[in-house]
Undergrad: 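Shown below is the structure under consideration.
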Amino acid sequence: MKFDFHSHILPGIDDGAKDIEESVRLLDDMAADGVDLVVATPHFYCMNMRIDKYLSNRNHAFEKLRPYLKPEHPHILLGGEILYDHSLVGNEKLPLLTMQNTGFILLEMPYAKLTDQIIRGVEQIIEDRQVKVIIAHIERYLKFTSYKSLCELMNLDVIGQINAESLMHFGSRRNCFKLIEDGYVHIMGTDMHRIERGYASLGKGMEILRKKYGNNILEDFERNGKMLLKNFSFEQIVG
Ligand SMILES: [Fe+2]
């Protein structure tokens, strides 16, 4: 089964699909690619908007889209891509931002050097045990931070997600391979935004991984995805 854990397919809510028509076209592409389930993860920036307002906007965008969904479209779960901010640490509303039917949040790191303060903040979120943490597109931070600091973050009890598109380009593919070989990658997503950017095929990304590592890696990702959707603990998924 193909699970896409990161996407911006909801209409008019962030820098993803601008309207219902574009949402439907993105979902058509995902259906053609054989995606079974997609998590809609619109951006959430806590400095710009209250959590309640964000959730009501997101749910409203989904309700607008719902009548246009086709039977062949992937099943949609609601979630969010939450940009890390120190004010999220200890925030009792954090569980409201979890992926539907799970206790996991998809956490995006700031596009800057990963400081000790940020890493300790993520650690505190995990220790508070209100939510479990998936780090979004972990390969992208290597443009801004060292491999060593990224490892420090990924050595916490976090699930790692990579973007299928990063497997299509030489430099980012090399980073993905290194992260996979070091055991930091557990699930994939497309991070699909706009139709004009082209569909970053989950299927093509999976094919690249199959050629490099064999079927086992895809079976592992599928198993991780199923466990995550059933809200297993970090230890159960990674252990
Ligand atoms: Fe994203």
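Ligands are counted one by one from 1 in listed order, and the atoms in each one are counted from 1 as well.
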Undergrad: Are R25 and E22 close enough for a salt bridge, meaning some N to O gap below 4.0 Å?
TA: no
Undergrad: Is the Fe ion (ligand 1) less than 2.8 Å from at least one N/O/S atom of H8?
TA: yes
Undergrad: Which word best sums up how the rings of F44 and Y54 line up, parallel for under 30°, tilted for 30 to 60°, or perpendicular for over 60°?
TA: tilted
Undergrad: With the Fe ion (ligand 1) at the centre, find the angle made by NE2 from H6 and OE1 from E81, to 10°.
TA: 90°
Undergrad: What about H86 and Y84, are their ring centers closer than 6.0 Å?
TA: yes
Undergrad: Could you check whether R66 pairs with E63 (Lys NZ or Arg NE/NH1/NH2 to Asp/Glu carboxylate O, under 4.0 Å)?
TA: yes
Undergrad: N/O/S atom of D191 under 2.8 Å from the Fe ion (ligand 1), yes or no?
TA: yes
